[in-house]
S.K.: 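Structure incoming, see below.
Counting starts at 1 for both ligands and their atoms, following the listed order.
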Amino acid sequence: MADFSQTNLYDLSRAELTALMAGWGMAAHAPRLWRSLYWECADSIAGMSGLPAKVRSRLESETRLGALPAARETCSRDGFTRKYLLALEDGAMIETVMMRFTGRVTACVSSQAGCAMGCVFCATGQMGFQRNLSAGEIVAQAVHVSRIHRPRNLVLMGMGEPLHNYDAVMKAVDILRDPNGLSLGAERITLSTVGVVPGILRLAAERRPVHLAVSLHAASQEERAGLVPVAKKWPLPELIAACRVYSWQTGRRIFYEWTLIEGRNDSAEDARAVGRLLSGLPAQVNLIPLNPTAGYDRSPGRAEAARQFQEILANEFSLPCTTRQRRGIDIAAGCGQLAVAS
Ligand code: SAH
Ligand code: SF4
């Protein structure tokens with residue numbers, strides 16, 4: 001078991017790491033250590049061969065490297081998606097996904113073990129909340145993926161609600177953006193939220209350099225509350241008002257995610273209701289055909305419904321709309337399928 005009194009190196013920004021090393025009179029080695037962490041993606045302090053033995057031994061005695069070993073790794077039949085079951089240092093488990101699209105790799109990382117938000121169609125919601133991840137545990141997932149393929153994009157769309165763990169998520173984002181590290185620039189990180197209104201307003205006020213995706217799924221408060229229980233806490237009008245503030249303050253367009261559920265939110269009328277709801281907002285709609293989970297027995301419907309939805313938004317409301325490519329469904333690595341049996 002890890003010694004939690006020791007600092008996890010992945011928890012430190014470059015400035016913090018440099019200050020720590022400076023306190024030991026070893027500041028000159030900080031750039032090399034940062035490089036070992038994020039370019040070479042070393043998986044142990046002992047394995048950081050570019051550092052002198054005395055630096056390694058000081059690091060070994062006062063810090064730890066919270067690399068997350070993969071308890072299981074599965075690869076989709078088409079070879080484009082890999083899912084890792086990662087063991088946290090206290091024994092909790094999380095899942096992280098790597099997706100390959102033409103010419104780019106995207107890492108999908110978790111922000112919590114489980115989730116407290118309880119969306120009915122989501123496997124993570126169905127398993128309940130275990131705990132928040134630390135910044136270092138979020139960073140370690142991206143580093144894990146980088147050992148095989150350097151990701152160009154990062155999406156905070158794995159297990160958990162990122163705005164329910166705001167400080168750790170933002171610290172991780174800052175570490176992952178460092179130009180001398182994984183260098184995931186502002187245009188390459190997307191955070192998806194179920195609609196935590198105070199978190200959206202804070203993102204806007206702090207001008208955080210991430211793209212924002214908001215899980216909408218329904219265009220009326222009543223229907224949304226039936227799918228997304230936290231809509232009772234942050235009702236749809238409040239959510240849309242917060243999105244308006246966000247776009248106004250940041251000048252950014254928001255992606256609105258819509259999990260398509262046959263007979264529930266996939267009709268032409270539903271499409272028109274979204275069009276009206278989002279009119280005047282800088283928006284793009286992202287349709288996600290429902291992926292199967294053990295606790296929700298509904299169907300994604302036919303591709304025709306998605307096409308019709310998309311056409312209505314484009315033609316009648318000039319609203320860009322895309323359908324998310326389904327990835328890794330055979331290994332339960334698709335949106336909303338991440339879960340760990342307790
Ligand atoms: N907690 C955040 C991010 C993780 S979920 C959020 O809810 O936004 C990422 C996306 O997958 C969300 O839009 C979510 O609504 C969607 N999702 C959840 N379960 C799904 C399922 N079974 N099929 C398709 N999409 C799903
Ligand atoms: Fe949590 Fe997002 Fe799943 Fe809802 S969809 S339960 S917020 S992970």
S.K.: For atom 12 (C) of ligand 1, what's the nearest protein heavy-atom neighbour? Residue, atom name and distance, please.
M.R.: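 Ranked first by proximity to atom 12 (C) of ligand 1 is S215 OG, 3.3 Å.
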S.K.: Can you confirm whether the side chains of Y10 and Q141 place a donor and an acceptor under 3.5 Å from each other?
M.R.: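 Checked: Y10/Q141 side chains show no N/O donor-acceptor pair below 3.5 Å.
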S.K.: Specify the protein heavy atom at minimum distance from atom 23 (N) of ligand 1: its residue, its atom name, and the distance to 0.1 Å.
M.R.: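 Protein heavy atom with the smallest distance to atom 23 (N) of ligand 1: N291 N, 2.8 Å.
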S.K.: Can you label the angle between the H211 ring and the F255 ring as parallel, tilted or perpendicular, going by 30° and 60°?
M.R.: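 Answer is perpendicular, since the angle exceeds 60°.
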S.K.: Starting from atom 10 (C) of ligand 1, which protein heavy atom do you reach first, and at what distance in Å?
M.R.: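 For atom 10 (C) of ligand 1, the nearest protein heavy atom comes out as E257 OE2, 3.9 Å.
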S.K.: Once you measure the plane-to-plane angle for F121 and Y296, does it fall in the parallel (<30°), tilted (30-60°) or perpendicular (>60°) bin?
M.R.: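 If you compare the ring of F121 with that of Y296, the planes turn out perpendicular.
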S.K.: Considering heavy atoms of the protein only, find what lies nearest to atom 2 (Fe) of ligand 2 and give residue, atom and distance to 0.1 Å.
M.R.: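 Minimum-distance protein heavy atom for atom 2 (Fe) of ligand 2 reads G160 O, 4.4 Å.
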S.K.: Where does E161 meet ligand 1, judged by heavy-atom distances below 4.0 Å: at the side chain, the backbone, both, or neither?
M.R.: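 E161 to ligand 1: contacts from backbone and side chain alike.
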S.K.: Can you check whether Q112's main-chain N or O pairs, donor with acceptor, with S110's side chain at less than 3.5 Å?
M.R.: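 Judged by distance alone, no pair lies under 3.5 Å.
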S.K.: Which ligand 1 atoms are under 4.0 Å away from a heavy-atom of I288?
M.R.: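 So the atoms of ligand 1 that pass are 13 (O), 24 (C), 25 (N).
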S.K.: In the protein, which heavy atom is nearest to atom 25 (N) of ligand 1, and how far is it?
M.R.: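 Going by distance alone, atom 25 (N) of ligand 1 is nearest to T259 OG1, 3.2 Å.
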S.K.: Under 4.0 Å, counting heavy atoms only: does G195 come that close to any atom of ligand 1?
M.R.: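 No.
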S.K.: Tell me: protein heavy atom nearest atom 5 (S) of ligand 1, and distance?
M.R.: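 Sorting protein heavy atoms by distance from atom 5 (S) of ligand 1 puts M157 O, 4.0 Å first.
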S.K.: For F80, is the NZ or CZ atom of R327 found under 6.0 angstrom from the centre of its six-membered ring and inside 45 degrees of the ring axis?
M.R.: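 Yes, R327 sits over the ring of F80.
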S.K.: Once you restrict to heavy atoms under 4.0 Å, what part of C119 touches ligand 2? Side chain, backbone, both or neither.
M.R.: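 The part of C119 near ligand 2 is both the backbone and the side chain.
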S.K.: Tell me the contacting part of T193 for ligand 1: side chain, backbone, both, or neither, using a 4.0 Å heavy-atom threshold, strictly below.
M.R.: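 The answer is the backbone of T193.
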S.K.: Around atom 22 (N) of ligand 1, find the nearest protein heavy atom and jot down its residue, atom name and distance.
M.R.: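 Checked against all protein heavy atoms, atom 22 (N) of ligand 1 sits closest to F121 O, 2.8 Å.
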S.K.: Using a 3.5 Å distance criterion without hydrogens, assess whether the side chain of S76 forms a donor-acceptor pair with backbone atoms of G328.
M.R.: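 Such a contact is absent between S76 side chain and G328 backbone.
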S.K.: Would G158 count as a contact of ligand 1 if the rule is a heavy atom under 4.0 Å away?
M.R.: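 True for this residue.
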S.K.: Is R208 close enough and on-axis enough to Y166, meaning under 6.0 Å and within 45°, for cation-pi?
M.R.: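 Relative to the ring axis of Y166, which defines the angle, R208 lies outside at least one limit.
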S.K.: How about E257 and S215: does a side-chain donor come under 3.5 Å of a side-chain acceptor?
M.R.: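 E257 vs S215: donor-acceptor pair found between side chains.
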S.K.: Which residue owns the protein heavy atom closest to atom 6 (S) of ligand 2, what's the atom, and how far is it?
M.R.: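 Result for atom 6 (S) of ligand 2: G125 CA, 3.3 Å.
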S.K.: Does atom NE2 of H29 have more than 12 heavy-atom neighbours, drawn from other residues, nucleotides or ligands, at distances under 6.0 Å?
M.R.: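 Counting neighbours around NE2 of H29, more than 12 heavy atoms of other residues, nucleotides or ligands fall under 6.0 Å, so yes.
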S.K.: Using modelled atom types and a 3.5 Å cut-off, is there a donor and acceptor pairing between side-chain atoms of S61 and backbone atoms of R58?
M.R.: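 Yes, the answer is positive, given that a donor and an acceptor are paired below the 3.5 Å cut-off.
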S.K.: Tell me: protein heavy atom nearest atom 15 (O) of ligand 1, and distance?
M.R.: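 Checked against all protein heavy atoms, atom 15 (O) of ligand 1 sits closest to H217 NE2, 2.8 Å.
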S.K.: Please state which protein non-hydrogen atom is closest to atom 1 (Fe) of ligand 2 and give its distance, to 0.1 Å?
M.R.: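 Among all protein heavy atoms, the one nearest atom 1 (Fe) of ligand 2 is C115 SG, 2.3 Å.
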S.K.: If you measure from atom 20 (C) of ligand 1 to every heavy atom of C335, C122, C119, G160, which option wins on shortest distance?
M.R.: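 Looking at heavy atoms only, C335 sits closest to atom 20 (C) of ligand 1.
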S.K.: Dump the intermediate steps for side chain to side chain contact (heavy atoms under 4.5 Å, CB included) on V169 and L191, then the final yes or no.
M.R.: CA-CA 9 Å; V169 166; L191 180 155; 4.1 Å; yes
S.K.: Which heavy atom of the protein is the closest neighbour of atom 2 (C) of ligand 1, given with residue, atom name and distance?
M.R.: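 Protein heavy atom with the smallest distance to atom 2 (C) of ligand 1: S192 O, 3.3 Å.
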S.K.: Any N/O/S atom, backbone or side chain, of C122 lying under 2.8 Å from atom 3 (Fe) of ligand 2?
M.R.: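 So C122 counts as coordinating atom 3 (Fe) of ligand 2, yes.
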S.K.: Is it the case that N286 and R324 place a side-chain donor and acceptor less than 3.5 Å from each other?
M.R.: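 Distance-only check passes for N286 and R324.
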S.K.: Using a strict cut-off of 4.0 Å, indicate which atoms of ligand 1 neighbour a heavy atom of L290.
M.R.: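 In order of numbering, the contacting atoms are 21 (C), 22 (N), 23 (N), 24 (C).
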S.K.: In this structure, are over 12 heavy atoms from other groups packed under 6.0 Å from D297 atom CG?
M.R.: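 Counting other residues, nucleotides and ligands, CG of D297 stays at 12 neighbours or fewer.
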S.K.: If you count the atoms of ligand 1 from 1 in the order shown, which ones are under 4.0 Å from a heavy atom of T293?
M.R.: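 This gives 22 (N) as the contact atoms.
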